[in-house]
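Working notes, structure below.
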Amino acid sequence: MKKHISVAMPNFLGNEKKYVQDCMDTVWISSVGKYIAEFEAAFSSKFGAEYAVSCSNGTVAIHLALLALGIGPGDEVLVPSFTYIASANAVRYCGATPVFCDCLADTWGIDVEDARKKVGPRTKAIMPVHLYGNPCDMKAVMAFASEYDLKVVEDAAECHGAEFDGKKAGTIGDIGTFSFFGNKIITTGEGGMVVTNNKSLDDKVRLLKGQGMDPERRYWFTEVGYNYRMTNIQAAIGLAQLEDMERHIEARQNIAKRYDALFSGRKSVQKQQQTRGAESVCWMYSLLLTDNAKITRDALMEKLDEDGIETRPLFYPMHSMPPYYNEKAGCPVSEDIAARGLNIPTHELLSSEDVAYIAGTILNYTE
């Protein structure tokens, strides 16, 4: 039987079963319990943020962040077109409009100069997305935001533990968000986190995620909120994962180094480049096929699947899809990268032999 190599898999190294069993033994399995507070406290400490608020997934983390900043109908938010659709959907949930910006050809982070062309009188925020584990150039983003008096919402869903200029991605802007979906570096199955250094934003996020209930008066609701809470079981898993975060990151970075060595000097493929001043955590090792490749991206993915290697296409530009279609979006770099790129297996359970097999098979088809 042919071996199947998944593009992503979670890895449970430590106390996950112990903490989950404790939840079950004490019957604290819903959205109240000690692990929620412990996970939030440990996350804020490890990431260097004053406040961290857990929630049910990464998409609602962005929604809560935008709502806390007061983003609403009539407002515009600058969002990279080349990212997962949750970034734009959360803007739309607020009744606001995502304005799509192109990405940089080398690092794939948001192109601030293209964003500059798209700022308008209704622009209230910019949302840099740290794509595939590689932080954006936050120095450029923060300078741009300051120039136009914009709020900065960092989408760090894919970037647990990565750094820019020595600061954790997600903690540099006004507010940052994380996802703990099953394929992320830290996972809770489903789950998310909002981080900030602003007490009023923290208070607002906590109020909104719990149906708008007054924290000082039980079952008294001061405004319309949402049921966006994380469960104690999810937090228990997250806490255990967080305790081993450095090991998770090191394993992925070692896999990336092996891929780097195997693809070095090859003319048929090129990889996403690390942002200057950043430390990537390589959530997903990502390749572009060059003009020298003797196969198309889609044909390569089909061949790899036949050989037991699961891959993913890079994200389709959001302006190319039905909910946000805009043929005049002006994001040619995003379109080019999306058409030529793929994510290849990147997880801690890959052996050296797996990595060699994956790289060798790719090169066999492309060269």
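It should be emphasised that the depicted structure is a prediction, and the values quoted were computed from it without experimental measurement.
Counting heavy atoms from C-beta on, the side chains of I175 and L69 come closer than 4.5 Å. A heavy-atom distance below 4.5 Å is found between the side chains of M245 and F47. You'll find the side chain of H160 stays beyond 4.5 Å of the side chain of H248, heavy atoms only. Side-chain atoms of W108 and L288, non-hydrogen and from C-beta on, do get closer than 4.5 Å to each other. Under the 4.5 Å side-chain criterion, counting only non-hydrogen atoms from C-beta, E16 is in contact with Q241.
Under a hydrophobic-cluster definition in which Ile, Leu, Val, Met, Phe, Trp and Tyr are linked whenever side-chain heavy atoms come within less than 4.5 Å, directly or via other members, Y357 and F263 are assigned to the same cluster. V91 and L78 are members of different hydrophobic clusters when ILVMFWY side chains are connected at heavy-atom separations under 4.5 Å. Under the 4.5 Å side-chain heavy-atom criterion for ILVMFWY residues, a single connected hydrophobic cluster contains both L201 and V194. Y51 and I172 fall into different hydrophobic clusters, where Ile, Leu, Val, Met, Phe, Trp and Tyr side chains are chained together by heavy-atom contacts under 4.5 Å. In terms of hydrophobic clustering, with Ile, Leu, Val, Met, Phe, Trp and Tyr side chains grouped at heavy-atom distances under 4.5 Å, L342 and L262 are assigned to a common cluster.
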For this session: Please report the C-alpha distance between E367 and S268 in whole Å, then the side-chain angles of each, then the deciding distance to 0.1 Å, and finally whether the side-chain hydrogen bond (donor to acceptor under 3.5 Å, both in side chains) criterion is met.
Result: CA-CA 6 Å; E367 303 210 326; S268 63; 3.0 Å; yes

For this session: Show the numbers, then the answer: is there a side-chain contact (heavy atoms from CB on, under 4.5 Å) between N11 and H347?
Result: CA-CA 8 Å; N11 194 17; H347 59 82; over 6 Å; no

Exercise. Which is it for C94 and D75 under the side-chain contact (heavy atoms from CB on, under 4.5 Å) test, yes or no, and what are the steps along the way?
Worked result: CA-CA 9 Å; C94 297; D75 295 336; over 6 Å; no

Exercise. Given the rule in the side-chain contact (heavy atoms from CB on, under 4.5 Å) test, do L300 and T311 qualify, once you have shown the distances and angles that lead to the verdict?
Worked result: CA-CA 10 Å; L300 173 62; T311 58; over 6 Å; no

For this session: Start with the C-alpha gap between E113 and R116, add the side-chain angles, then the distance that decides, and say whether salt bridge (charged side-chain N to carboxylate O under 4.0 Å, His left out) holds.
Result: CA-CA 5 Å; E113 292 311 308; R116 188 180 302 277; 3.2 Å; yes

Problem set entry | Residues V141, I126; criterion side-chain contact (heavy atoms from CB on, under 4.5 Å); working and verdict | CA-CA 8 Å; V141 169; I126 182 171; 4.3 Å; yes

Problem set entry | Derivation of the side-chain hydrogen bond (donor to acceptor under 3.5 Å, both in side chains) call for S87 and D155 | CA-CA 7 Å; S87 305; D155 182 346; 2.8 Å; yes

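To the nearest 0.5 Å, atoms NZ (K184) and CE (M284) are separated by 8.0 Å. Distance check: C101 SG to M127 CE gives 11.0 Å after rounding to the nearest 0.5 Å. With rounding to the nearest 0.5 Å, the separation of CG in N254 from OG in S352 is 9.0 Å. Between the OG1 atom of T83 and the CD atom of E158 there is a distance of 6.0 Å, given to the nearest 0.5 Å. T107 contributes atom OG1, which lies 9.0 Å from atom CD of Q273 (distance to the nearest 0.5 angstrom). Rounding to the nearest 0.5 Å gives a distance of 6.5 Å between OG1 of T275 and CG of D137.
In this structure, I62 and T177 approach most closely via the heavy-atom pair CG1-OG1, 3.5 Å. Nearest heavy atoms, M230 versus S54: SD-CB, 3.7 Å. In this structure, D244 and G14 approach most closely via the heavy-atom pair OD2-N, 3.5 Å. Annotation for F100 and C331: closest pair O-SG, 3.9 Å, computed over non-hydrogen atoms. The heavy-atom pair separating Y19 from A240 by the smallest distance is CD1-CB, 3.8 Å. Closest approach of N134 to Q272, counting heavy atoms only: CB-NE2, 3.6 Å.
The ring of Y35 has its center no closer than 6.0 angstrom to the ring center of F39. Checked against the 6.0 Å centroid criterion, the rings of F164 and H130 do not qualify as a close aromatic pair. You'll find the ring centres of F181 and Y84 outside the 6.0 Å limit.
The aromatic rings of W283 and Y132 sit parallel to each other, their planes meeting at less than 30°, with 60° as the upper class boundary. Aromatic ring orientation, Y148 versus F144: tilted (interplanar angle from 30° to 60°).
Look at K303 and D307 and you find no salt bridge, because none of the NZ, NE, NH1 or NH2 atoms lies under 4.0 Å from a carboxylate O. For E223 and K204, the salt-bridge test passes: some basic side-chain N is under 4.0 Å from an acidic carboxylate O. Using a cutoff of 4.0 Å between basic side-chain nitrogens and carboxylate oxygens, D202 and R206 are scored as salt-bridged.
Checked against E40 for a salt bridge (Lys or Arg N to Asp or Glu O under 4.0 Å), the options K209, K46, K34, R229 give a single hit: K209.
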